[in-house]
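Worksheet: one structure, shown below.
Everything numeric here is computed off the predicted structure, so don't read it as measured data. Lettering follows sequence order; numbering is per chain, from 1.
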Amino acid sequence: MSDARRVAEVLRAGRPGDDVLVRGWLRTARHAKGVSFLEVSDGSCFAGLQVVADPELPNFEAEVRKLGTGCAVEARGALVESPGKGQRVELQARELSLVGGVDDDYPLQKKRHSFEFLRTIAHLRPRTNTFGAVLRVRNAAARAVHGFFQERGFVLLHAPIITLSDAEGAGEMFPVAGSEEFFGSQAHLTVSGQLEAEIAALALGQVYTFGPTFRAENSNTSRHLAEFWMIEPEMAFCDLAGNADLAEAFLKHVIQQVLADCPDDMTFFDQRIDPGVRERLEHVVASEFERLTYDEAVGLLEGSGRDFEFPVRWGIDLQSEHERWLAEEKVGRPLVVTDYPREIKAFYMYLNDDERSVRAMDVLVPRVGEIVGGSQREHRHDVLRQRMAEAGLPEEQYWWYLDLRRYGSVPHAGFGVGFERLVQFMTGMANIRDVIPFPRVPGYAEF
RNA sequence: UCCCCGGUAGCUCAGCUGGCAGAGCAAGCGGCUGUUAACCGCUGGGUCGUAGGUUCGAGUCCUACCCGGGGAGCCA
């Protein structure tokens with residue numbers, strides 16, 4: 001049984017005089033004439049613990065003096081108040097042993113690396129300040145996602161990853177090799193758990209999925225991945241307004257939790273990655289989200305006096321430049337745009353009485369644009385059949401989806417959130433490939 | 001997939017109208033009584049993304065391809 005303590009706990013609660021054992025990896029080693037300073041990080045928090053080693057150690061000359069960045073060490077000794085600046089306490093080593101050395105071609109240096117380079121060494125980048133912080137924030141966000149839904153009585157649904165159904169409109173799918181022989185039909189990796197979530201919502205009332213999804217789209221951008229994690233709540237007896245309210249509460253809850261759980265990591269993002277990100281997040285938590293219909297949004301855009309690359313007229317889908325103008329300049333806070341033209345949205349969205357718009361919604365936030373997309377679903381059997389016919393979809397393939405509209409159908413609604421987009425928004429990281437441990441993008445699936 | 005920019009030492013980059021391949025950091029060695037991305041000195045380190053082409057001569061000019069970045073489309 002180990003009596004080792006985690007650096008986060010030692011820095012928070014350690015008292016001078018404590019006898020402490022820590023284990024971790026050296027961020028940096030500073031060797032002066034008769035003393036060595038080792039910064040030991042174990043990943044438990046942003047900061048490392050300064051370990052002081054002096055010549056009394058039996059292995060001082062033979063081992064300690066040769067320690068460098070990346071070495072795995074184990075240090076035991078007394079915690080003392082630090083006479084130097086930069087840390088409250090430090091560990092005066094009584095025993096210091098090298099657990100694993102590093103070859104001299106260790107690629108991580110005690111200096112800034114480009115994120116492009118770090119991606120090529122994804123097996124080592126979690127040891128950097130930035131990726132340690134990203135992974136801790138990602139963890140806190142995932143915990144907050146489950147916490148939000150669990151507190152409200154939502155049931156977690158494990159949607160299938162291999163699927164025969166083609167969730168229309170979501171994008172290109174990865175085919176599963178050998179699926180024809182094995183399953184008797186061509187199967188693909190899922191692009192969305194929404195249709196299965198609807199099944200569960202119409203039995204359990206309120207459910208959510210939180211799992212990997214896959215898009216074979218040839219998208220080369222800083223906001224797209226071929227494999228990403230998506231959160232999809234689905235609620236029975238719920239309309240579009242209730243859906244928007246849930247999305248607003250959800251975003252505020254997750255952001256608030258991350259700010260509370262990861263203050264040091266957020267300070268780093270605020271100072272070094274994206275100045276102002278913390279204030280932006282606090283603003284989102286504090287503000288009421290604006291609600292606009294698509295008609296109103298188009299009216300505002302047309303009256304903006306701005307010369308957009310893509311001209312605005314009723315019927316177009318809103319472009320990135322339009323979304324950002326609305327969120328950043330016109331409204332200055334998150335907003336929910338609802339009731340889009342039927343032609344630009346999916347077949348399963350509820351058709352409004354005007355018959356030209358559907359009950360779709362997008363949540364737009366400053367800097368990122370669309371972060372949540374959802375809708376009230378079409379629950380009327382005859383209307384859904386007609387919409388599928390217009391979209392050219394075969395009823396045979398969606399027999400069970402149509403069945404749900406014949407047996408106890410109720411109004412229901414839900415939305416989807418890309419988890420990495422959310423982490424991007426919260427950390428201010430510019431490229432989505434740098435907020436997932438092992439990014440999959442066109443031409444690249446290493447690690 | 002489209003438009004623009006880039007690829008030179010382990011990393012970050014400089015290299016002019018074509019003419020001997022450079023710096024800082026890292027690494028190795030040495031020095032320095034308490035450092036904070038410590039500091040000082042010395043040494044080693046190159047298929048200039050790949051393949052063709054032009055030229056007496058190509059890191060530099062041309063073509064194709066690969067990879068990366070920014071933007072766009074698609075979307076989450």
Hey, does A:His113 reach any base, or is it just sugar-phosphate, or nothing, if we go heavy atoms under 4.0 Å? sugar-phosphate
Would you kindly give the CZ-to-P distance between A:Arg125 and B:C11, to the nearest whole Å? 16 Å
With sugar-phosphate meaning primed atoms plus P, OP1 and OP2, does A:Phe228 contact a base, only sugar-phosphate, or nothing at under 4.0 Å between heavy atoms? base
With distance as the sole criterion, is a donor-acceptor pair present between the side chains of A:Gln194 and A:Tyr348 under 3.5 Å? yes
A:Gln424 has an atom CD; how far is it from atom P of B:C75, in whole Å? 18 Å
Return the pairing partner of B:U63 with a 3.5 Å limit on both distances, Watson-Crick or G-U wobble; otherwise return none. B:A51
Using only side-chain N and O atoms of A:Ser219, determine if any of them is under 4.0 Å from OP1 or OP2 of B:G73. no
Rounding to a whole Å, what distance do you find between A:Glu446:CD and B:C67:P? 14 Å
Going by purine N1 to pyrimidine N3 plus the second Watson-Crick contact, or the G-U wobble pair, all under 3.5 Å, which nucleotide sits opposite B:G44? none
Tell me the interatomic distance from A:Phe308, atom CZ, to B:A72, atom P, rounded to whole angstroms. 13 Å
Rounding to the closest angstrom, what is the interatomic distance between B:G45 and B:U50 at atom C1'? 23 Å
Hey, which sits more toward the 5' end of RNA chain B by its nearest nucleotide, A:Gly373 or A:Asn218? A:Asn218
Any strand: nucleotide that pairs with B:C39 via Watson-Crick or wobble, under 3.5 Å: B:G31
Looking only at atom C1', what distance separates B:C39 and B:G22, rounded to whole Å? 25 Å
Any strand counts, and the cut-off is 3.5 Å on both contacts for Watson-Crick or G-U wobble. Which nucleotide pairs with B:C75? none
Name the pairs: protein N/O against N/O of nucleotides 69-71 of chain B, kept only if under 3.5 Å.
unit_1 : atom_1 : unit_2   : atom_2 : d
B:G69  : OP1    : A:Arg119 : NH1    : 2.1

Determine the Euclidean distance between corresponding C1' atoms of B:G15 and B:C48; express it in Å to zero decimal places. 11 Å
Pairs satisfying salt bridge (charged side-chain N to carboxylate O under 4.0 Å, His left out), at least one member in residues 262-277 of chain A, at least two apart: A:Arg136-A:Asp265, A:Asp274-A:Arg280, A:Asp274-A:Arg367
Crowded around A:Trp25 CH2? As in, over 12 foreign heavy atoms under 6.0 Å? no
Filter on side-chain hydrogen bond (donor to acceptor under 3.5 Å, both in side chains), then keep only pairs touching residues 61-70 of chain A, sequence neighbours left out; what's left? A:Ser36-A:Arg65, A:Asn59-A:Glu63
Decide if the gap between the ring center of A:Phe148 and the ring center of A:Tyr208 is smaller than 6.0 angstrom. no
I need the NE2-C1' distance between A:His322 and B:G73, as an integer number of Å. 13 Å
Nearest whole angstrom, please: distance from the P of B:C75 to the NZ of A:Lys345. 8 Å
Pick the P atom in B:U17 and in B:U54, then give their distance to the nearest Å. 24 Å
Interatomic distance, A:His224 NE2 vs B:U1 P [rounded to whole Å]: 15 Å
Any ion pair linking A:Glu321 and A:Arg306 (charged N to carboxylate O, less than 4.0 Å)? no
Taking any strand in view, what nucleotide pairs with B:A9 in a Watson-Crick or G-U wobble way, both distances under 3.5 Å? none
Spacing of A:Leu108 atom CG relative to B:A27 atom C1', expressed in whole Å: 14 Å
Can you check the distance between B:G44 and B:U1, where both ends of the measurement are the P atom (answer in whole Å)? 46 Å
Which whole number of Å gives the distance between the C1' atom of B:C2 and that of B:G73? 8 Å
Ring pair (Phe, Tyr, Trp, His ring centres under 6.0 Å) contacts in which one or both residues fall within residues 45-82 of chain A, not counting sequence neighbours: A:Phe46-A:Phe268
Rounded C1' spacing from B:U47 to B:A21 in Å: 14 Å
Of the non-hydrogen atoms in A:Ala236 and A:His412, which two are nearest, and what is the gap between them? CA-CB, 3.7 Å
Of the non-hydrogen atoms in A:Leu364 and A:Glu370, which two are nearest, and what is the gap between them? CD2-CA, 3.7 Å
Mind checking A:Leu225 for me? I need base, sugar-phosphate or nothing, with any heavy atom below 4.0 Å counting as a touch. base
With the sugar-phosphate defined as primed atoms, P, OP1 and OP2, and the base as all remaining atoms, what B/S/- string results for nucleotides 28-43 of chain B, 5' to 3', for protein heavy atoms under 4.0 Å? ----BSBBBBB-----
For B:A26, which nucleotide in any strand shown is its Watson-Crick or wobble partner with both distances under 3.5 Å? none
At what distance, to the nearest 0.5 angstrom, does CG of A:Leu300 lie from NE2 of A:His322? 12.5 Å
Results of side chain to side chain contact (heavy atoms under 4.5 Å, CB included) for A:Pro212 - residues two or more places apart only: A:Ile161, A:Phe214, A:Trp229
How far does the P atom of B:U60 sit from the matching atom of B:C3, given to the nearest Å? 24 Å
Donor on one side chain, acceptor on other, A:Glu420 and A:Gln424, under 3.5 Å: no
B:G10 base / A:Gln109 side chain donor-acceptor hit below 3.5 Å: yes
